[in-house]
Amino acid sequence: AQSVTQLDSQVPVFEEAPVELRCNYSSSVSVYLFWYVQYPNQGLQLLLKYLSGSTLVKGINGFEAEFNKSQTSFHLRKPSVHISDTAEYFCAVRNDGGATNKLIFGTGTLLAVQP
Amino acid sequence: NAGVMQNPRHLVRRRGQEARLRCSPMKGHSHVYWYRQLPEEGLKFMVYLQKENIIDESGMPKERFSAEFPKEGPSILRIQQVVRGDSAAYFCASSPAPAPAYEQYFGPGTRLTVT
């Protein structure tokens, strides 16, 4: 069975500092990987996705993530955060070639950007 | 192009009542997914539907929960005889096709409170 682990439930960081949000996954088949952001009382918005090709994926709002197959990781990074980046971030995986397209989510990481 | 619409945004029900949650997918999208987010947890897949068909309901509780996506009208998630443990945010997502390159677009969610 697939699973996603986000070890950090909360990451406090000062404005303009770099940040990395960690994501590890477990799967016996090839997967597609996603990062979503959820602002308070809103739905999820896709930040970026890895389907194939280059392991470094660039997304919206200056975020990027690197797929590391040997370490089964897909960590999210941003070189300089803003107050407006404060939100909950979810890592998710989806089966490659499965009959369903369900996303398996991690428990989320709250990014708290302080002035 | 309007996004995924969900209504109501907030729903309060007493134990034993029925809850009906509606989801209107984005225009041109014929695939709908329902996820549930319990407090302090990530989103959990519930059910995946295409027009008039349930494709995958592996995440649906066996009793009291049902979902439909009729030929005309929104998708409905129905919870009969609600209990306090059903209190959660319920998110709907839609996509134009099941291929992995197609993003799932999420609605703002319905927050169900059972008193």
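Chain A is the first sequence line, chain B the second, and so forth, proteins listed ahead of strands; every chain is numbered from 1.
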Measure distances from Tyr35(B) to the heavy atoms of chain A and classify the residue's part below 4.5 Å as side chain, backbone, both or neither.
side chain
Around atom CE of Met5(B), are there more than 12 heavy atoms from other residues, nucleotides or ligands closer than 6.0 Å?
no
Heavy-atom proximity to chain B below 4.5 Å, by part of Gln6(A):
neither
Does Arg15(B) CZ have over 12 foreign heavy atoms under 6.0 Å away?
no
Spatial distance of atom CZ (Phe45(B)) from atom CG (Leu103(A)) [nearest 0.5 Å]
9.5 Å
Scored by heavy-atom pairs under 4.5 Å with chain B, the best of Leu46(A), Ile104(A), Leu110(A) is Leu46(A)
Is it true that, when you exclude Glu20(A) itself, more than 12 heavy atoms of the residues, nucleotides or ligands shown sit nearer than 6.0 Å to its CD?
yes
Met46(B) side chain near Lys102(A) side chain, heavy-atom distance below 4.5 Å
no
Heavy-atom nearest pair, Gln104(B) first then Tyr36(A), reads O-OH, 3.6 Å
Side chain, backbone, both or neither: which part of Ser95(B) has an atom under 4.5 Å from a heavy atom of chain A?
neither
Using the rule that two of Ile, Leu, Val, Met, Phe, Trp, Tyr join whenever any of their side-chain heavy atoms come within less than 4.5 Å, decide whether Leu112(B) and Val4(B) are in one cluster.
no
Gln114(A) CD: over 12 foreign heavy atoms closer than 6.0 Å:
yes
Enter the distance from Phe106(B):CZ to Gln42(A):CD here, rounded to the nearest 0.5 Å.
14.0 Å
When you group the ILVMFWY residues by side-chain heavy-atom contacts below 4.5 Å and let the links chain together, are Leu49(B) and Phe91(B) in the same group?
no
